[in-house]
Amino acid sequence: MTMRQEPASGPSVSARAPRDNLSDCISPSNTESFEQTASSYDCPVLVTENLVLRAPHAEDIDAIAILADNPAIATMVSRIPHPYGRADAETFVRTSAKRGNGNCVYAITETETGKLLGCCSLETTADGKALELGYWIGEPFWGRSIATEAVHALVDMAFRTRDIEHIDARCRVINPASRRVLQKSGFQFQGTGMINVLAINASAAVEWFRLDRKTWVSLISWSNENRPNQR
């Protein structure tokens, strides 16, 4: 559950996770070609039985601000500040629209009502051969398998539309719910590490998981009702 959101004022250097600035990891000679390739990636709307994953809109700002202003969420992801205000949500919506470096940021919404339930993202690694997954769900909607359904949609879309070798994800060691989401989605434990968590202004222990393409192929028997349609 490692989704990153930019605070309105911007984090200090010490608050940045290792891959927050992709340009720092790309040599000058490769920067232009990488950006041209990354900008060609689409972030299609994804529709599952219960969810619609789409780009965040200005109309989502108030809902994002209310749901994300929760220490139970902010302390479990790397770059959501706490407290979290409307200005932070405005910055998040504005920056997510840029889709820089091939990244995709989605608002997770309820199919029947359009209600915002949380957010998720795919971030391209520096070499363009992998993605990192992030997600958070608003506390009022916990326990409904929303994160699992959203992760399945993102994973299917990523492996079907991009030439990537694997998808990585991280969760705090004290977050068993997020760990279960990754395990149910086929991610395999790789090891432990530390990340900087903006909300607590300190480093925290995380577990690192990976889903490779070969494993995903063996899992595409996921139920049809949870498989996304693109539009």
Side-chain angles (χ1 to χ4, degrees), residues 1-5 11 14-26 34 38 41 53 72-80 101-106 108 118-137 142 145-200 202-222 226-228:
M1 195 170 178
T2 59
M3 183 173 175
R4 306 182 180 103
Q5 285 192 232
S14 62
R16 293 189 181 277
R19 291 208 296 262
D20 284 342
N21 279 331
L22 296 179
S23 59
D24 293 343
C25 307
I26 307 172
F34 176 81
Y41 292 133
L53 278 60
I73 292 174
T75 58
M76 294 297 153
V77 300
S78 60
R79 298 193 61 191
I80 293 182
N101 292 327
N103 300 339
C104 289
V105 178
Y106 286 99
I108 304 171
C119 294
C120 56
S121 67
L122 290 169
E123 177 179 317
T124 309
T125 60
D127 60 10
K129 296 181 179 180
L131 295 169
E132 182 164 351
L133 169 73
Y135 52 88
W136 62 265
I137 305 298
W142 290 358
S145 297
I146 292 167
T148 300
E149 189 169 339
V151 167
H152 286 190
L154 285 178
V155 165
D156 279 351
M157 182 274 288
F159 280 122
R160 292 178 187 277
T161 63
R162 300 198 187 187
D163 183 20
I164 56 171
E165 298 174 353
H166 59 263
I167 300 173
D168 287 336
R170 294 174 292 175
C171 67
R172 288 194 61 182
V173 297
I174 60 172
N175 192 348
S178 187
R179 183 186 306 115
R180 285 194 298 272
V181 169
L182 296 174
Q183 291 171 335
K184 287 190 296 183
S185 301
F187 284 76
Q188 305 295 312
F189 177 76
Q190 302 294 308
T192 59
M194 302 291 290
I195 61 168
N196 291 306
V197 178
L198 183 60
I200 63 174
S203 295
V206 294
E207 295 175 333
W208 166 38
F209 292 82
R210 172 169 291 177
L211 176 61
D212 59 38
R213 180 174 288 275
K214 182 178 179 180
T215 303
W216 169 75
V217 169
S218 70
L219 294 173
I220 55 176
S221 58
W222 283 334
N226 283 344
R227 187 166 297 160

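All of these numbers come straight from a predicted model, not from anything done at the bench.
A pairwise comparison of heavy atoms in Val197 and Ala74 identifies CG1-O, 4.0 Å as the closest pair. Contact record, Ile174 with Pro176: O-CD, 3.2 Å, taken as the closest heavy-atom pair. For the residue pair Leu133 and Val151, the shortest heavy atom distance occurs at CD2-CG1, 3.8 Å. Between Thr75 and Arg172, the shortest heavy-atom distance links the atoms O-NH1, 2.6 Å. Of all heavy-atom pairs spanning Leu182 and Ala169, the tightest one is CD2-CB, 3.6 Å.
To the nearest 0.5 Å, atom SG of residue Cys104 and atom CE of residue Met157 are 4.5 Å apart. In this structure, Trp136 CH2 and Cys120 SG are separated by 10.5 Å, a value rounded to the nearest 0.5 Å.
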Evaluation steps, side chain to side chain contact (heavy atoms under 4.5 Å, CB included), between Asn175 and Glu207: CA-CA 10 Å; Asn175 192 348; Glu207 295 175 333; over 6 Å; no
Steps toward side chain to side chain contact (heavy atoms under 4.5 Å, CB included) verdict (Ile73, Trp142): CA-CA 11 Å; Ile73 292 174; Trp142 290 358; 4.1 Å; yes
Between His166 and Trp216, does the side chain to side chain contact (heavy atoms under 4.5 Å, CB included) criterion hold? Intermediate values first, please. CA-CA 9 Å; His166 59 263; Trp216 169 75; over 6 Å; no
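With hydrogens and angles disregarded, a donor-acceptor distance shorter than 3.5 Å links the side chain of Arg179 to the backbone of Val173. In terms of modelled atom types and a separation under 3.5 Å, the side chain of Ser185 and the main chain of Val181 share a donor-acceptor contact.
The side chain to side chain contact (heavy atoms under 4.5 Å, CB included) check on Ala158 picks up Leu122, Leu131, Ile164, Ile167, with sequence neighbours excluded.
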For residues 187-194, which side-chain N or O atoms pair as donor and acceptor with protein atoms under 3.5 Å away, sequence neighbours left out?
residue, atom, partner, partner atom, Å
Gln188, NE2, Gly186, O, 3.2
Gln190, NE2, Gln188, O, 3.2

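Annotation: salt bridge (charged side-chain N to carboxylate O under 4.0 Å, His left out) contacts involving residues 208-219, sequence neighbours excluded, comprise Asp168-Arg210.
With Tyr135 as reference, Ser178 is the one residue of Ser121, Ser178, Cys119 to meet the side-chain contact (heavy atoms from CB on, under 4.5 Å) rule.
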